[in-house]
Amino acid sequence: MLALTPLLQPAALLKTLTLLKNSQRIVLFGHRGPDGDAIGSSLGWAAYLRSLGKTVTVVMPDMEPDFLRWMPNVQAVKHYSEEVERPEIRQAVAAADLLCCLDFCQLSRLGDTGLIQLLQHAKAPRMVIDHHLDPETENVDALISRPEASSTCELVFRLIHQLGGYGTMTRSGACCLYCGMMTDTGAFAYNSNDPEIFLIVSLLLKKHIDRERIYRNVFHSFSPNRLRFWGFLLSQRLQFLHGGRAAVLAYSAADMAAYKFRRGDAEGLVNEPLKVRGCRLSVSLREDTLQSLCIHVSLRSVDDIPCNIIAQEFFNGGGHRNASGGELHCTLQEAVKTAEEAIEKYRHCL
Ligand code: 5GP
Ligand code: MN
């Protein structure tokens, strides 16, 4: 019989229990450009903490994409970039007994919204629950870092389970955690070979989540414009290099405007070239619609091709081995050149 391996060793478990016991007001943070895992893990952890009677505030640097707007309780998330809500967030942070960072382990992932300074100057202890490489440890009181995990949602589930909270987990809480596990694994297509993942999924299903509906909400929620936009980019903007082993997809703010681009419309697009047989590395370059000379970079790879190292070396970013991101401050044409150089340098891995 498969059983869940405990997430925390006794000393770490005791530390976590003590931190939770000593805190009543807790603020949770997710990263900039929140994805299903950042939002799912924050909402799932918030639901558990509320079940313990805690007062919880969830803060994100910016809005969730449209395809995550159905998530239970997402409308209660506070966005720091919205001028009007800043004092309220500042007060919550100042009054907090505990701060939790979910799905990121480097403060820079909060973006330049001022949240970094807010966290740096906060007095409350800080807990980090995350699955990215190279966690920062300065001022972190409890670090739960598992780069081998499928998602932060998996970690939050394991943590709640170990703390004895599975019994009272609600359907909504389960739904949030399932959503992040699903989105970070491409609906269990990658990063999900650990058999225990499916034990967790079965435990979440026991909470009566509607797995098929969650899938449709996330992956089958295109607008006609979004579908046509993808069609346009794949036919007119996608370039294959090195005999099809690598791909670069670069698109401008004008391309996006032509298809009435909305936040989240590019989510998943970088994976498309990998559907071509033999394609092993995909780089997408998206011009920012508001700031000039800002290019958002996404990288995806298969097997041992180290996206995170390529992202660090060429794109001011990082991430996981097979899924990374970064940012360039140059024109789109210059960004394409940089991507071509990066691919050339790593040609031996392709
Ligand atoms: P996406 O392509 O979905 O924007 O990002 C894929 C993954 O790359 C994210 O889950 C995150 O782990 C990582 N990532 C994206 N942008 C950055 C960045 O600027 N810095 C770092 N360290 N990681 C990033
Ligand atoms: Mn994640």
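First listed ligand is number 1; within each ligand, the first listed atom is number 1. When a residue number appears, it is its place in the shown sequence, counting from 1.
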Between H132 and D130, does any side-chain donor sit less than 3.5 Å from a side-chain acceptor?
-> yes
Among Q106, H31, R109, E267, which one has a heavy atom closest to atom 9 (C) of ligand 1?
-> R109
Donor-acceptor under 3.5 Å (E287 side chain, A253 main chain) = yes
For atom 4 (O) of ligand 1, closest protein heavy-atom neighbour = S298 OG, 3.7 Å
Answer yes or no: does an N/O atom from R32 fall short of 3.5 Å to an N/O atom of ligand 1?
-> no
Does a donor on one side chain sit under 3.5 Å from an acceptor on the other, for H296 and D288?
-> yes
To the nearest 10 degrees, how large is the angle at the Mn ion (ligand 2) between D184 OD2 and D37 OD2?
-> 90°
Which residue and heavy atom of the protein sit nearest atom 19 (O) of ligand 1, plus the separation | G326 CA, 3.9 Å
Establish, yes or no, whether a centroid distance under 6.0 Å links the rings of F232 and Y251.
-> no
For A323, atoms of ligand 1 separated by under 4.0 Å from a heavy atom | 7 (C), 8 (O)
What protein heavy atom sits nearest atom 18 (C) of ligand 1, and how far away is it?
-> G325 O, 3.7 Å
Polar side-chain atom of S42 near backbone of L28 as donor-acceptor pair, under 3.5 Å | no
Hey, does L299 come in under 3.5 Å of ligand 1, counting only N/O atoms on both sides?
-> no
Determine, using heavy atoms of R300 and all atoms of ligand 1, whether some pair is separated by less than 4.0 Å.
-> yes
Under 3.5 Å side-chain donor-acceptor pair for D103 and H131 | yes
About how large, to 10 degrees, is the angle OD1 of D103, then the Mn ion (ligand 2), then NE2 of H131?
-> 90°
Could you tell me if any non-hydrogen atom of E327 lies under 4.0 Å from any atom of ligand 1?
-> no
Pair Y346-E313, side-chain donor/acceptor within less than 3.5 Å | yes
Regarding E341 and T338, is there a side-chain donor-to-acceptor distance under 3.5 Å anywhere?
-> no
Enumerate the atoms of ligand 1 whose separation from the nearest heavy atom of H320 is less than 4.0 angstrom.
-> 10 (O), 12 (O)
Looking at ligand 1, does any of its N/O atoms fall within less than 3.5 Å of an N/O of G318?
-> yes
R228 side chain vs N225 backbone, donor-acceptor pair below 3.5 Å | no
Based purely on interatomic distance, does H132 place a nitrogen or oxygen under 3.5 Å from a nitrogen or oxygen of ligand 1?
-> yes
